[in-house]
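Shown next, in structure tokens, is the structure this report addresses.
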Number of protein chains: 2
Amino acid sequence: MTSADVAHRAGVSTSAVSYAFNGRPGISDETRARIHAAAKELGWRPNSAARALTGARAGLVGLVIKRPARSLGTEAFYADLIAGLQAGLQEQHVALSLLVASDLEDELAIYREWTRDRRVDGVVLTDPRQGDARLDLLAALGLPAVVLGNHPSPPGQAPTVWIDDGAVTTSLLEYLWALGHRRIARVSGPEKYEHTLRRTNAMAAFLAERDAAPAEVIATDYSESEGAHAARYLLSRPAPPTAVVFDSDVLAVAGLGVAQEMGVRVPRDLSIASFDDSAMARLVRPRLTTMSRDTVEFGERAARLLLRQLDADGPVASEPGPVVTLSVRDSTAPPAAR
Amino acid sequence: MTSADVAHRAGVSTSAVSYAFNGRPGISDETRARIHAAAKELGWRPNSAARALTGARAGLVGLVIKRPARSLGTEAFYADLIAGLQAGLQEQHVALSLLVASDLEDELAIYREWTRDRRVDGVVLTDPRQGDARLDLLAALGLPAVVLGNHPSPPGQAPTVWIDDGAVTTSLLEYLWALGHRRIARVSGPEKYEHTLRRTNAMAAFLAERDAAPAEVIATDYSESEGAHAARYLLSRPAPPTAVVFDSDVLAVAGLGVAQEMGVRVPRDLSIASFDDSAMARLVRPRLTTMSRDTVEFGERAARLLLRQLDADGPVASEPGPVVTLSVRDSTAPPAAR
DNA sequence: TTGTATGCGTTATCAG
DNA sequence: CTGATAACGCATACAA
């Protein structure tokens, strides 16, 4: 079953079939329709390997995950993201190829190889950093990309689907402030990520505006153990915070466990909130107050933006991601009078 | 950069390069080494699209996930599995392609398409059922597969990496029985899955041997809501169980939440155990007693078995998966005297 | 043991 | 608008 069969069936040449399936001019609407009909009858679709060989689409989009492989299952983020990317790509019969890289060098090598072999048509980038080496490489390679970022990308760079982490931080802090919290600490992710930095800056600005003391921020690698450690440290201070915000829900749940072990009642003695929502935040008791964003939709939008990018001649514009809303649950309350 | 370049550099013909890279005879060890050296210097590796076109390897393995896309992130199982598959495949530079199917028809269509386009070299199957239609199709298509199953596969069928869910069930029940529990209920997954059935049968046999009353088993679709509903029902009975085992940790955590809401103390009034371990089981309080299996390793073994299958001429044998051990944590205790 | 010729299914080029 | 024909990069029978 080849394009020649379809051409024969439709009474045209193979190039007509090619034109019809690549939406290019030089063919009448009537023949185009006839060709599509013939292909449908025969159940034919262009062979992706042959396409990739001639430099056309591979029908595959890549995602490199740079986290320790073991931690993948711990956080729902990547799973949700993958589900969303999937959904967005499937509309155009594009598949997702997944690779786990152990470090930056690895990741860059993968992009080089993918480009060389025309293995993927484009890639999705997560966790952008400042002066991200990956963006330079991808630009040099000419490999289309979209970034899950926190601001629109500068012209000439890969477009982002962005969520303003600064604004999200401010929203959460406004809520805690309104409850009466004045000693708010934060257990964050690694400082190298842009979203971590943006949150840090927004938090500093928020507190400075209100003449409050700067927040204590403890950076972690997102692991349960570092989250627990940070929580233990904060709760052991002479004047412990009355509220702690965590950059991810794994950190928050680890922190909640520590509080419970230490006899600190949540939310009576301590309010806990997370920047990340997931099933786990809803399943633990007390249920966690979180900033919730629809990660699946985030992925879907990224997928669609990438597909548009692949079709476009020039650069496409960044666009905002899903709305982030505050889900108030049971882990936050006004601070107890002391 | 093509095989011709490498051939030129090594002073041989392109076929010699092909032979060298496909490990076939007809070439001296010395030339083979020279060819590999030349390839390494030039940073050349066979183009996967071209390979796929000639009927050789595509360098891609497929995994179809047949769950509602939204639920992917809830359970750690798939994320861990993917991480493991990744790790196993990477050794041979094989990538993983992921697709989410909404139903069986979808899934079968994907296999047909993948075969037709030589898009993947093999696939990994999860959640086998009795008389699984997918196995018949894959056999008919000649698409290599491995199954994450619960017993060695019958001859002629795709090999499995298997975990004996019956034995796992017995282990867990033995522990609960030894603690003194006599009214043990179970909140299970869908009955259509083989592993669900095996657990059901093992549990029935276990209780029958001890002349105990048959267990109450409530089937769910693995969702939080059905898990909570089942737990609520069980705890509202006139003579509620003293222990409940859950088929997954999401179900168990949902059940734990219900118990806490109803004022049932765990483990004092109720013991809870799960067949599935993950970070969540360790993060909630009380921490859950689970049967823990290394899902990442499960995936790694499946990947390696599939790679072996791809290299082999005939069928390869099924093999046991990772060992499942009981992780006793804080959610189980002897039943309170009533 | 090595080289040569051919095909895989598509797209691109260029005459018609 | 259409129809040949040449790539694309590799594998493989076959000849040397």
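Letters A, B, ... are given to chains in the order of the sequence lines, protein chains preceding strands, and every chain is numbered from 1. Since this is a predicted model, take the numbers as computed values, not measurements.
The backbone N or O of B/P128 sits nowhere less than 3.5 Å from a side-chain atom of B/D132 that would complete a donor-acceptor pair. Side-chain atoms of B/T31 do not come within 3.5 Å of backbone N or O of B/I27 as any donor-acceptor pair. For B/S153 (side chain) and B/A158 (main-chain N/O), a donor-acceptor pair under 3.5 Å exists by modelled atom type. The closest donor-acceptor contact from the side chain of B/T126 to the backbone of B/L148 lies at 3.5 Å or more, if one exists at all. Put simply, the side chain of A/R119 gets close to the backbone of B/G59: a donor and an acceptor are under 3.5 Å apart. Judged by distance alone, the side chain of B/Q86 and the main-chain N or O of A/L98 form a donor-acceptor pair under 3.5 Å.
Nucleotide C/dT11 holds its P atom 9 Å from the CG atom of A/N47, rounded to whole Å. Between the CZ atom of B/R118 and the C1' atom of C/dC8 there is a distance of 7 Å, rounded to whole Å. Protein atom OH of A/Y19 is 16 Å distant from nucleotide atom P of C/dT10, rounded to whole Å. Straight-line distance from the CZ atom of B/R119 to the P atom of C/dG9: 16 Å, rounded to whole Å.
For A/S18 and C/dT10, the shortest distance from a side-chain N or O to OP1 or OP2 is not below 4.0 Å. Applying the 4.0 Å criterion to OP1 and OP2 of C/dT11, one finds that A/R51 has a side-chain N or O inside that range.
Below 30°, between 30° and 60°, or above 60°: for A/W44 and A/F21 the angle between ring planes is above 60°, a perpendicular geometry.
Side-chain contact, B/S3 with B/T14: no donor N or O sits under 3.5 Å from an acceptor N or O.
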Please tabulate the protein-to-nucleotide N/O contacts below 3.5 Å involving nucleotides 4-6 of chain C, giving atom names and distances.
from  : atom 1 : to    : atom 2 : distance (Å)
C/dT4 : O4     : B/S15 : OG     : 3.2

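When heavy atoms are screened at a 4.0 angstrom cut-off, B/V17 is found touching no nucleic acid atom at all.
Each end of the helix from C/dT1-D/dA16 to C/dG16-D/dC1 gets its own axis, taken as the rotation carrying the C1' atoms of four end pairs onto the next four within a five-pair window, and the two axes meet at 40° to the nearest 10 degrees.
For the pair A/I27 and B/R45, both in contact range of DNA chain D, the more 5′-proximal nearest nucleotide belongs to A/I27.
Considering all non-hydrogen atoms of both residues, B/L104 and B/A133 come closest at CD2-CB, 4.3 Å.
For B/L53, taking side-chain heavy atoms from C-beta onward, the closest of the listed nucleotides C/dG7, C/dT11, C/dG9 is C/dG9.
A distance of 9.0 Å separates CG in B/N150 from CD1 in B/I163, rounded to the nearest 0.5 Å. B/S97 contributes atom OG, which lies 7.0 Å from atom CG of A/L96 (distance to the nearest 0.5 angstrom).
Once you apply a 4.0 Å limit to the heavy atoms of chain B, the touched nucleotides of DNA chain D run 5' to 3' over D/dG9 to D/dC14.
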